[in-house]
Enquirer: 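Okay, handing you the structure first.
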Amino acid sequence: MRHIAILFAVILFVSCTNDNMYMSDNDNDYWSKEQLLNTSGLGLYPFVPFTEAEMRTLPYSVKLERRQIPESFLRNMSTKALFYQFVYTDLSKSMLMFNTMQQGFETVTGQLNMLPELLDRPDAGHVLLEILQKVDPAKINGSDCFWFFDCLQMISAQPEVISSMSDTDIDSYVLQQIRCHDAIRSLAKTDENWSYPESVGGILLGLGNVMFMYEFEPFLQLLEKDPGTNKPVYRGDGMARSEQKALQIIDCAKQFNLQNL
């Protein structure tokens, strides 16, 4: 088991709105919605927007062909730019056409070459964690901001991204996601934009992938076992469809975090 010295620090949350900003000695620690969604200076690939007629009539295969980034350009993009490129690519929302976001993500990963490149970046976990730590669920506002949050949660939850994190990043990620879960669970009681446990699916997926990767026994006990090998199997989908199961995952994550303090 890992041996990690954790520094106690306050995770700085960012607002997705301009009002009710937290007080800070350094205003740059917090982002407004405009800053969070701003792509200036990121060096994104300049896709030509589809016209309304093209969106209605072009075959999906043709649309996909027009949303591939040339390899020479792709290799020189920063990891942060790759994430923002996906968020703003008009075909990214095809993830929503599937039974689960994970199924949609896996399908889209095989279609848009920006995603395999992002998942393969050795700094993907650290970069996405830095962005994630600046998001405050209580202040997410508007469809663009919610979509940004959903994409951030889904991509940061992938095993490829988690495996690129350092042990220190892993501990920060687990703590951040527990805090984010607790905030959303509280918001779901009064804010119709959130529902529980549906709205924390990406959070639970990522926490599960962390604990499965580190073979954390209390979490493994929650999983079904492969009939042939009798080993726990974690598929990610379906574990968070009840409040009871969601809270069991969070309880395991809290144990995981405490174990490494």
Side-chain angles (χ1 to χ4, degrees), residues 16 31 33-125 127-128 131-132 135 140-164 193 195 198-203 205-206 209 235-238:
C16 278
W31 293 350
K33 176 178 179 178
E34 287 72 23
Q35 289 171 310
L36 184 64
L37 303 180
N38 183 21
T39 62
S40 61
L42 286 180
L44 305 187
Y45 187 73
F47 287 125
V48 177
F50 293 117
T51 65
E52 291 186 13
E54 286 175 330
M55 285 299 291
R56 288 196 309 269
T57 62
L58 282 179
Y60 188 62
S61 60
V62 174
K63 294 177 183 176
L64 283 175
E65 185 177 343
R66 294 190 185 179
R67 289 300 176 261
Q68 305 306 318
I69 301 174
E71 287 297 322
S72 58
F73 191 97
L74 189 67
R75 288 193 298 271
N76 292 315
M77 293 179 69
S78 70
T79 300
K80 183 177 180 180
L82 283 167
F83 169 67
Y84 275 78
Q85 184 89 61
F86 177 72
V87 172
Y88 281 93
T89 297
D90 38 25
L91 297 186
S92 64
K93 290 188 178 180
S94 57
M95 286 197 302
L96 301 175
M97 298 169 60
F98 296 81
N99 290 331
T100 67
M101 282 277 282
Q102 179 63 28
Q103 290 176 351
F105 179 83
E106 291 173 358
T107 300
V108 174
T109 298
Q111 297 174 336
L112 297 171
N113 66 348
M114 68 189 76
L115 269 181
E117 176 69 18
L118 173 57
L119 295 177
D120 197 44
R121 292 291 177 91
D123 65 339
V127 169
L128 294 178
I131 300 172
L132 189 63
V135 174
I140 290 177
N141 192 330
S143 60
D144 289 344
C145 205
F146 273 103
W147 178 241
F148 182 97
F149 178 78
D150 288 340
C151 289
L152 180 59
Q153 289 291 353
M154 181 54 55
I155 298 175
S156 65
Q158 299 307 308
E160 299 94 327
V161 174
I162 289 170
S163 64
S164 75
N193 290 310
S195 60
E198 292 81 7
S199 294
V200 296
I203 293 172
L205 175 65
N209 280 330
R235 299 182 178 88
D237 291 339

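Every value quoted in this text rests on a predicted model; they were computed, and no experiment measured them.
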Enquirer: Please enumerate all residues that pass side-chain hydrogen bond (donor to acceptor under 3.5 Å, both in side chains) together with Q85, with sequence neighbours excluded.
Expert: none

Enquirer: Which residues pass the side chain to side chain contact (heavy atoms under 4.5 Å, CB included) test with P59, sequence neighbours left out?
Expert: S61, V62

Enquirer: Could you state the interatomic distance from CE (M101) to CD1 (I155), rounded to the nearest 0.5 Å?
Expert: 9.0 Å

Enquirer: Rounded to the nearest 0.5 Å, how far does OH of Y84 lie from SG of C151?
Expert: 11.5 Å

Enquirer: Does any pair with a residue in residues 110-120 pass side chain to side chain donor-acceptor pair (under 3.5 Å), and if so which ones, sequence neighbours excluded?
Expert: Y60-Q111, E117-R121

Enquirer: Closest heavy-atom contact between S92 and V87?
Expert: OG-O, 3.7 Å

Enquirer: Minimum heavy-atom separation for V108 to S94, with atom names?
Expert: CG2-OG, 3.3 Å

Enquirer: Mind listing the closest non-hydrogen atom pair of L128 and L152 along with its distance?
Expert: O-CD1, 3.8 Å

Enquirer: Hey, what do you get for CE (M114) to CD1 (I69), rounding to the nearest 0.5 Å?
Expert: 4.0 Å

Enquirer: Does the side chain of L118 come within less than 4.5 Å of F86's, by heavy atoms?
Expert: no

Enquirer: Does the side chain of L205 reach to within under 4.5 Å of the side chain of M154, using non-hydrogen atoms?
Expert: yes

Enquirer: Considering only residues two or more places apart or on different chains, which pairs with a residue in residues 67-77 satisfy side chain to side chain donor-acceptor pair (under 3.5 Å)?
Expert: R67-D90

Enquirer: Which pairs count as side chain to side chain donor-acceptor pair (under 3.5 Å) when at least one residue sits in residues 148-157, sequence neighbours excluded?
Expert: Q153-Q177

Enquirer: To the closest 0.5 Å, what do you measure between CG (L82) and CG (L119)?
Expert: 10.0 Å

Enquirer: Starting at CZ of F149, measure out to CG of L132 and round the result to the nearest 0.5 Å.
Expert: 7.0 Å

Enquirer: Heavy atoms only: give me the nearest S164-G125 pair and the separation to one decimal.
Expert: OG-N, 3.0 Å

Enquirer: What residues, two or more places apart in sequence or in another chain, satisfy side-chain hydrogen bond (donor to acceptor under 3.5 Å, both in side chains) together with D123?
Expert: T79

Enquirer: For the atom pair CG (L112) and NZ (K63), what is the distance rounded to the nearest 0.5 Å?
Expert: 12.5 Å

Enquirer: Can you give me every donor-acceptor pair (side chain of residues 36-47, partner residue at least two apart or in another chain, under 3.5 Å) with its distance?
Expert:
from	atom 1	to	atom 2	distance (Å)
N38	OD1	S40	N	3.0
N38	OD1	S40	OG	3.2
N38	ND2	S40	OG	2.8

Enquirer: My understanding is that only residues two or more places apart in sequence, or in another chain, count here; which of them pass salt bridge (Lys or Arg N to Asp or Glu O under 4.0 Å) with E54?
Expert: R66

Enquirer: Can you list the residues that meet the ring pair (Phe, Tyr, Trp, His ring centres under 6.0 Å) rule with F146, with sequence neighbours excluded?
Expert: W194

Enquirer: Step by step, work out the side-chain contact (heavy atoms from CB on, under 4.5 Å) result for E106 and F98.
Expert: CA-CA 10 Å; E106 291 173 358; F98 296 81; over 6 Å; no

Enquirer: Taking K80 for the side chain and V127 for the main chain, is one N or O donor matched with an acceptor at less than 3.5 Å?
Expert: no

